[in-house]
Protein chains: 2
Amino acid sequence: MFDTSASPGDAALLPESIPSAEPSPCLQDLESLLRNLPVQRRRVQRKQVLFRTGQPCHSLFLIHAGFFKTCILSEDGREKITGFHLRGDLLGIDSFDMPSYACDAIALDTCEIWELPLAELRRTPELLPHVTAMLANEIRRDWRWMLALGTLSAEQRVAAFLLDLATRFASLGFSARHLLLRMTRAELGNFLALQLETVTRALSRLASAGLINVDGREIRIENPTALRALLAGD
Amino acid sequence: MFDTSASPGDAALLPESIPSAEPSPCLQDLESLLRNLPVQRRRVQRKQVLFRTGQPCHSLFLIHAGFFKTCILSEDGREKITGFHLRGDLLGIDSFDMPSYACDAIALDTCEIWELPLAELRRTPELLPHVTAMLANEIRRDWRWMLALGTLSAEQRVAAFLLDLATRFASLGFSARHLLLRMTRAELGNFLALQLETVTRALSRLASAGLINVDGREIRIENPTALRALLAGD
DNA sequence: CGGCTATTTGATCGATTTCAAGAACAGTGG
DNA sequence: CCACTGTTCTTGAAATCGATCAAATAGCCG
């Protein structure tokens, strides 16, 4: 089976910062704050749509467990996955100032989410700083990825993605060496601005270089140091 | 000289929405709110640094006139321009929740900026919604550009950039047909994830197709409809 | 004017895309 | 349980778009 516990060797992964996961500054705070509020807890099945662009928005959603993707669509049908989201991420903040959602949020896994009605939020002003912090954080994360996509090769982008995910896993207490990807190669490619074949090839090359081990969606990071070196340019 | 007044034909440009400029929802409001506060007005010369990554941040800056770029830098020296900013844009919000700035802000022009101390902001809670709105707006803008950079050809990206700038100009009351670029081809390329030569070539091709007219940094949009058609894929 | 930076254009090269085909896998219903 | 269908993944070969290298021109400022 899959080892989900953090192990000592994981520490070596953590100094990673390009692009940094910048663990949400207030997950614990936010969760404990929400515990005292009448949030509705809901289970969402794989492939289920939590909300879609244009739907009227009354709530934010805190991911308590599971794996989400958010994506936007252009009028002419081009799609872009704007992020993959784990426990502690807040979905819907990007449309905080708008009457309707600005992206689609789709579960890649069986998820548990906590629904936080905006009305509730307005009644709880001590939550606001958390929201602005998460907004600002999202901007910085997006910038880091724009930097990565604009300046890194295909192989480096894939490496950056794996290291980022590993760091986020680690900060949630999971293993940073064993990753179970919940998205398809096509989705990964979409996020990294690559074709799915290119993602596959990059993974294969990283694997044959001994940096990782690939078994379908199960990835094991064999040599985090070398992976990070590759990112910095050999 | 340069025609800076909006003309009737500009209306044709406005329906553009990929990537949309989404005019900041509250420029007028924000400016008039700030008029009553003790904001410090300052002039910034071309190439001058307004703030740099890591500097302690005590203020946000509202651009009242001029043209800015913001950029981030990775440890290994890769640089990325995260945006070009005009009147009405608020610089520094992305580090709202942090003790220091998260990017560099550099004037591309002689600018006038209004400095808004964070202490002042905390004393004026009615400003907060404006800030969150601008944060959320920035996220959506970034996503649109991620979509564009991930799915459009070089020529299309340049077209998208010109149309975006035109729309923003128009919403400020300037001409949407005559653009005076304040950035170099290299900076434009950096933002669009292209080499400067590729930007030049794209501009040349758009020009020889009669869609625009290029004279150094002075661009005239001759055929907005065709430009937008090109964006949607011929 | 001279020295600098910015822009343009050409020629070549290469990384990634595209096209194609087969293998592995998951889910479904008999 | 297995055959069947569709999706996902992998790998190869060819094509292409943009990057890189190079050099000439234009523009700017002291």
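Nothing here was measured: the structure is a model prediction, and the numbers come from that model. By convention in this document, chain letters (A, B, ...) are assigned in the order of the sequence lines, proteins followed by strands, and residues within each chain are numbered from 1.
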For [X] and [N], give me the distance from atom [atom1] to atom [atom2], rounded to whole Å.
{"X": "B:N190", "N": "D:dG18", "atom1": "CG", "atom2": "P", "result": "17 Å"}
{"X": "B:E187", "N": "C:dT5", "atom1": "CD", "atom2": "C1'", "result": "12 Å"}
{"X": "A:L180", "N": "C:dC25", "atom1": "CG", "atom2": "P", "result": "14 Å"}
{"X": "A:I219", "N": "D:dC9", "atom1": "CD1", "atom2": "C1'", "result": "12 Å"}
{"X": "B:E197", "N": "C:dG14", "atom1": "CD", "atom2": "C1'", "result": "15 Å"}
{"X": "B:E155", "N": "D:dT16", "atom1": "CD", "atom2": "C1'", "result": "15 Å"}
{"X": "A:L203", "N": "D:dT11", "atom1": "CG", "atom2": "C1'", "result": "14 Å"}
{"X": "B:Q156", "N": "D:dT16", "atom1": "CD", "atom2": "P", "result": "17 Å"}

Worksheet item: Got A:L230 and A:L206 here, is their nearest side-chain heavy-atom distance under 4.5 Å?
Response: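 Yes, at least one pair of side-chain atoms sits under 4.5 Å.
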Minimum-distance nucleotide (side-chain atoms of [X] versus [options]):
{"X": "A:V214", "options": "D:dA19, C:dT7, D:dT10", "result": "D:dT10"}
{"X": "B:Q195", "options": "C:dT8, C:dT17, D:dA19", "result": "D:dA19"}
{"X": "A:T198", "options": "C:dT8, D:dT20, C:dT16", "result": "C:dT16"}
{"X": "A:R201", "options": "D:dT11, D:dG18, C:dT7", "result": "D:dT11"}

Discussion item. Return whichever of B:R46 or B:L194 has its heavy-atom-nearest nucleotide of DNA chain D closer to the 5' end.
Written reply: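 With B:R46 and B:L194 compared, the 5'-side residue is B:L194.
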Item to complete: Check the pair B:E115 / B:S59 against side chain to side chain donor-acceptor pair (under 3.5 Å), numbers first and verdict last.
Response: CA-CA 6 Å; B:E115 179 168 354; B:S59 299; 2.8 Å; yes
Worksheet item: Looking for any heavy atom pair under 4.0 Å, which part of the strands does B:L196 touch: base, sugar-phosphate only, or nothing?
Response: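 Touches a base.
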Worksheet item: Contact class for A:A207 (heavy atom, under 4.0 Å): base, sugar-phosphate, or nothing?
Response: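 Counting heavy atoms under 4.0 Å across all strands, no contact is made by A:A207.
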Worksheet item: Which class fits the ring pair A:F61 and A:Y101: parallel under 30°, tilted 30 to 60°, perpendicular over 60°?
Response: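 Rings of A:F61 and A:Y101: tilted, 30 to 60°.
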With a cut-off of less than 4.0 Å, is there a side-chain N or O of [X] near OP1 or OP2 of [N]?
{"X": "B:T184", "N": "C:dA6", "value": "no"}
{"X": "B:R217", "N": "C:dT7", "value": "yes"}
{"X": "B:R185", "N": "C:dT8", "value": "yes"}

Item to complete: Determine whether the aromatic ring centres of A:F68 and A:F84 lie less than 6.0 Å apart.
Response: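 That pair fails the under 6.0 Å test.
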Worksheet item: DNA chain C: B:T200 or A:A193, which has the more 5' nearest nucleotide?
Response: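 Between the two, 5'-proximity favours B:T200.
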Item to complete: Enter the distance from A:R220:CZ to A:L180:CG here, rounded to the nearest 0.5 Å.
Response: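 Rounded to the nearest 0.5 Å, the CZ-CG separation comes to 13.0 Å.
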